[in-house]
Amino acid sequence: TTASVNAQKRIGNETPEQKEKRMAWWTQDRFGMFIHWGLYAQLARHEWVKQHERITTDSYQKYFDNFNPDKFDPKKWAKEAKAAGMKYAVLTTKHHEGFCLFDSQYTNYKATKTAAKRDLVREFVDAFRAEGIKIGFYYSLIDWHHPDFTIDALHPQRLDGTQNPDYAAVNKGKDWNRYKQYMHNQIKELLTKYGKIDILWLDFSYPGKNGKGKDDWGSVELLKMIRKLQPGIVVDNRLNLDEYADGEDFVTPEQVSPKELAQYRGKTWETCQTFSGSWGYFRDENTWKTHRQLLDLLITSVANGGNLILNVGPTARGEFDHRATNALDSMSYWMHANSKAIYNCTYAPVGFNVPEHTKLTYNPKTKRLYVHVFDYPADGKLILPAYQGKIKYAQFLNDSSELMYKQVANGVDVELILPKNKPNYEIPVVELMLQ
Ligand code: JFZ
């Protein structure tokens with residue numbers, strides 16, 4: 001999707017300068033936490049399990065009846081997010097399964113009607129706000145529980161669990177407008193009952209025959225309402241409004257590898273990533289990313305002018321499991337020492353070549369260039385190609401210890417002299433003060 005297709009088509013009347021100002025905090029903060037939590041945590045094998053396994057709404061009811069997150073303590077979540085250096089957090093207020101973590105007046109399929117007896121969204125908002133973390137709501141446009149949500153190509157489940165390509169027959173008697181109204185009503189609730197909301201992450205469109213897009217969601221009308229209720233809010237790009245210049249605040253490359261991120265330079269973007277492949281808690285998944293892979297995603301995002309939102313899928317009891325906690329702890333250790341190379345940073349200015357085995361981030365305000373040393377040179381030599389005359393001072397970022405450098409005989413390159421001992425960080429960072 002690209003916003004440039006028809007730049008003159010607009011929904012509101014915000015100027016590009018006003019948009020940049022509205023989005024400034026978001027582009028500076030760079031690192032957020034995604035939280036996918038719902039009844040699916042009990043099945044513990046992906047948030048799409050109801051659809052993947054064609055579980056009927058009747059059979060799924062037992063997960064509503066059994067839901068009892070006795071360890072839910074969002075203050076703990078918020079502390080872990082904060083420690084990891086995450087500046088904003090986006091919670092699934094309702095995922096595709098349709099279960100609402102918030103106390104919606106439009107449904108009984110909600111947390112307050114379960115043994116939890118609490119508005120989980122309210123507590124999330126209070127806890128994260130108290131830690132100074134910006135608040136984001138994910139809300140699924142798709143709803144596998146609402147009786148008026150029509151079955152389509154991507155959501156072929158019939159209420160009896162069998163598949164039927166005869167959509168007209170299957171959807172007979174459903175009132176789409178009733179669902180659309182329900183969805184608009186709930187988004188309105190979310191944007192009026194919880195104070196200032198910083199991010200809205202609506203998910204997702206799949207336009208085309210037997211799909212759903214802007215006309216189905218009433219996206220134009222919806223975005224107008226959103227902007228009216230929360231003028232400062234930042235909204236994702238999954239409403240299928242990419243033909244409008246102002247129909248999306250940021251693009252959302254999902255689960256892509258670091259090398260695919262370079263193509264997003266110049267856009268406003270956030271890559272969303274899981275620890276293990278699934279968004280919802282997945283007990284038996286053993287493909288967890290390493291600390292290095294997570295760091296690579298964060299550094300490479302910033303090195304290409306984007307954000308990273310890293311997902312946690314809490315257990316059905318309401319906790320981050322030990323694998324998630326360990327992963328967050330490792331980020332926290334690195335960010336404690338190196339976050340200056342992340343916040344307020346973007347790609348390096350023109351003329352700064354990327355030294356071998358490194359990635360560059362840059363803070364335009366402080367004019368500091370950060371060299372992320374992915375492979376530490378055994379001989380301690382790090383060549384900064386064509387940096388001669390461009391540097392004032394060099395130090396490690398983690399401890400502000402000075403680093404010596406000298407001009408290479410070719411008169412163009414600079415040789416940075418690193419100590420034998422690699423600092424105790426998976427990827428150490430050199431801070432260069434530029435001339
Ligand atoms: C969606 C959800 O279906 C998923 O469960 C999760 O919440 C994720 C963050 O978002 O998945 C998508 C949506 C869009 C694309 C891919 C996966 N896409 O546009 O490629």
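Numbering of ligands and ligand atoms starts at 1, following listing order.
- Aromatic rings of Phe352 and Tyr362 (six-membered ring for Trp) have centroids beyond the 6.0 Å cut-off, not under it.
- Judged by the 6.0 Å and 45° rule, Lys9 forms a cation-pi pair with Tyr244.
- The distance between the ring centers of Trp77 and Phe320 falls below 6.0 angstrom.
- For Arg227, the side chain to side chain contact (heavy atoms under 4.5 Å, CB included) criterion is met by Arg22, Leu223, Ile233, Val235, Asp249, not counting sequence neighbours.
- Using a 4.0 Å cut-off between a side-chain N of Lys or Arg and a carboxylate O of Asp or Glu, Arg45 and Asp284 do not qualify as a salt bridge.
- A cation-pi arrangement, defined by a distance under 6.0 Å to the six-membered ring centre and an angle within 45 degrees of its axis, is present between Arg265 and Tyr347.
- Protein neighbours of ligand 1 below 4.0 Å, counting non-hydrogen atoms: His36, Glu47, Trp48, His95, His96, Tyr138, Asp203, Phe204, Arg238, Glu254, Trp279.
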